[in-house]
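Here's the structure we're looking at; comments come further down.
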Amino acid sequence: MTEFSVGEPREALSAVALVTDILKEHRGPACLTCSFQLEDMVVLDLLRRQLPDIPVLFLETGYHFTETYAYRDRMTAQWNLNLINVVPKESVASQEAQFGVLHRTDPGKCCQLRKVEPLLHALQPYDVWFTGLRREQSPSRKDLKSVEWHKLPTGKAVLKVNPLAMWEWKQVLLYAAEHHIERLALYDAGYRSIGCEPCTAVPLEGADPRSGRWGGTKLECGIHTFSNGSK
Amino acid sequence: MATANVQAYIAPSAVGVNPETRNLLRFTTAGSVDDGKSTLIGRLLYDSQSVYEDQLASVRSSRINRSHGPVDFSLLTDGLRAEREQGITIDVAYRYFSTPRRKFIIADTPGHEQYTRNMATGASTAQAAIVLVDATKGVLPQSRRHAHIASLLGIQHVVAAVNKMDLVNFDPAVFANIAAEFQRMAETLGFKSIYALPISAVDGDNVVRRSARSSWFDGPALLEYLEELEPDAAASHDGGVRFPVQYVIRPDGGFRGFAGQVISGVLRPGTPVVALPSGATTRVRSIVTYDGELEEAAAGSAVTLTLENELDISRGDILTSIEKQPHVSRRFKATLVWMHATPLEPGAYYLLKHTARTVRARVTKLDHRVDVNTFTQIPAANLNMNDIASVELESALPLFFDPYRQQRSMGSFILIDPLSHATVAAGMIQGPAEQPDSSYVRGLETTLAAVTAEDRRQRFGHGPACVWITARPRVAELVERVLFDQGWHVQRIDQELETQELAAVARAFRNAGAVTVFSLPSPPAEATNELHELFGANAFFSSGDQGTDHEAASDIIQQLRGWKELHGQRSHGQERHSQENDWRDTAARKRSERQ
């Protein structure tokens, strides 16, 4: 694998140019993690123009909103997506039988079992990992780079690409409207950051968008912090 | 190819506006499965050198071989399948090709007869229609139907491509009979031009070049004819600006924009507009896109507008020019093409999707149906699959429209079954119903019944319920706010009342179909009994003593949403009982999960 300079010149590129650049220079298999939030749909729209078959990894925790599942299925049909549902080892029923309702008692562990571990496993075959992360989303993402190396527990380094790192929410909305990307109905109900149903609420007015997640007790599930930019 | 780009590219009003597009012809092809439509399209693409080598290589190496030619041209169009799947309601694929003289866009629609709907929706921007007729079968009812729908859609040029002439040895008599019958039929439909020609799509005769095998025929080949055709400039709309608002864009901060697609007219900063239904006027301040501002937005472009004044505009409203405004009416006449196996239920509510809005609507009058064999109008009690009829509709909210003949996008709509979400009909608005308002009043005693509980349920999407939130005023406020923002009919009561007063208030709100949120100390036993009496299983009591305000509110909202899901869209009273029982089970399960 060619060593790849991470950081500066990339930060200045537009999202479209960045996606084109990465796909041109980096020939290894690429994927997108997608929770079907609007950012993910924008990145997916950029990607599918060049890679219509890009694997779309959806962390199927079993706890998503009905609306999210319906939207996932609709968009998968409409865009003819190569959807991969990344499932945890245990079903919801089995996990609840063993540990009780973890999202109430220990949301960190719940995320670990249903999101982080399955994703680490699912990312293994890929060299490039696209996301819809943005700096503005929460304080924990304020130093996010457009391109970062992420090391998986197996030691493999994956190039993590966040084309919208510098985007404002306004640009996301405008891009989606211009490209006729229908959005998840929950946005119209006031939700701003949408994950599993039990751990997602409508944020209070003026609060940062991810404050509605995990009742404000935490901001990250762990999938974007586990490797923390390490080389 | 993204649907959005296609729509921008083929926007009907772009014709005659931009000299670039003057040399563009949009046409549709209609035929049944075995008429050879895919083969014809493949042949047009191949013979006009619009097929890439790799596409051809993959077709050559294909093991599937459906025709006797060296290359199965229908396979060239199979790559369109994915594109077909793009649209849920409008499954049409667009194919582009060009010759030195003209650019072409084909709206390709699947061939089976039951897919008449695709033709109706796909053909709506087309300037010419090619109806395939099988030389071995002659003019069939579906050929007549395709021609009729093309004329209803305002397509002015129709071509009968009499295909499979190779199977009848290019017999001039066979062609002459079919051409004459097609001509007789199409003449009654008001086309600007009708052209019939003999072809063999498989062998390529008369598709791109004239064929020696039909030396008795002296007309141009299909592509030559399409290159020469003069589409009508009148297809463009001079009725002013039409900008239906698809989304209100309100990120945090002061920005407030209205996203949508310019259907007709040209917008620039400073252009005066009126917002309907409010009628408030303002000017365009700026035209924004995700990577910068524009000086101008013409028909077909999808943009976001900011306005000079803060107006109350929501999704589905429309911005138009002040001079030429569209019709605004709840009652209108339309031509309906019924496209579903389940027949029309007259008087029942459907979802009507028109420009950027979806409203509930019902067919209030069936004027007549068209017999496709004779094109005569016959009285109709109902509409079945593929029927074409003239009807009157009534929508729950006013529509802003132009007659289809003037502006196709502003005059077309589809009807959707509210339960199955299947598209059941495509419609073209003729105009407002006569005396839209006075007849509404005059017909009161005969056509309009009193508003029932079911009518309210239909409008709000939920039935009445009461929610008692004990001693958590902030939780009650949050619940009310969130439900209200989601369009629920919800009312919070936080004034302490005597039991009898409380019962009267609860009854009044129940009769109004509302979800009443009592934000009070814990209810006395007799009040609880009263509420159970009034609301049965639709009475919810929350001690709300767990978690933060947010969590408690979230819990209650989740439960109510589950309840609404089970009850909201139901329209048949007899199902009520079992569903309420189901809900109790669900609620009990949810409660036990939480403990």
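Since the model is a prediction, treat every value here as computed from it, not as a measurement. So that the names make sense, note that chain A is the first sequence line, chain B the second, and so on, each numbered from 1.
The minimum heavy-atom distance between B:His550 and A:Ala201, with the atom names listed, is CD2-CB, 3.7 Å. Here the closest non-hydrogen pair linking B:Ala302 and A:Ala177 is CB-O, 4.4 Å. When all heavy atoms of B:Gln558 and A:Thr200 are compared, the pair lying nearest together is NE2-O, 4.5 Å.
In the displayed structure, B:Arg481 atom CZ is contacted under 6.0 Å by at most 12 heavy atoms of other residues, nucleotides or ligands. Heavy-atom neighbours of B:Glu295 CD from other residues, nucleotides or ligands within 6.0 Å: at or below the threshold of 12. Heavy-atom neighbours of A:Tyr69 OH from other residues, nucleotides or ligands within 6.0 Å: above the threshold of 12.
For chain A, the nearby part of B:Arg250 is the backbone; its heavy atoms alone come within less than 4.5 Å. Neither the backbone nor the side chain of B:Leu483 comes within contact range of chain A; no heavy atoms are under 4.5 Å apart. Proximity to chain A (any heavy atom under 4.5 Å) is restricted, for B:Ser554, to the side chain, taken from C-beta onward. With a threshold of 4.5 angstrom between heavy atoms, A:Tyr187 does not approach chain B through any atom at all. Using a 4.5 Å cut-off between heavy atoms, A:Glu67 touches chain B through its side chain atoms alone. Only the side chain of A:Val16 has a heavy atom closer than 4.5 Å to any heavy atom of chain B.
Rounded to the nearest 0.5 Å, atoms CG (A:Leu174) and CZ (B:Phe255) are 5.0 Å apart. To the nearest 0.5 Å, the span separating CD1 on B:Ile249 from CH2 on A:Trp169 amounts to 9.0 Å.
Looking only at side-chain heavy atoms (C-beta outward), A:Glu197 and B:Arg561 come within less than 4.5 Å of each other. Proximity of A:His180 to B:Gln246: side-chain heavy atoms (C-beta onward) are nowhere separated by under 4.5 Å. In this structure, A:Lys170 and B:Val288 have side chains that are not in contact, with every pair of non-hydrogen atoms separated by 4.5 Å or more.
A donor-acceptor contact shorter than 3.5 Å links the side chain of B:Tyr247 to the backbone of A:Arg183.
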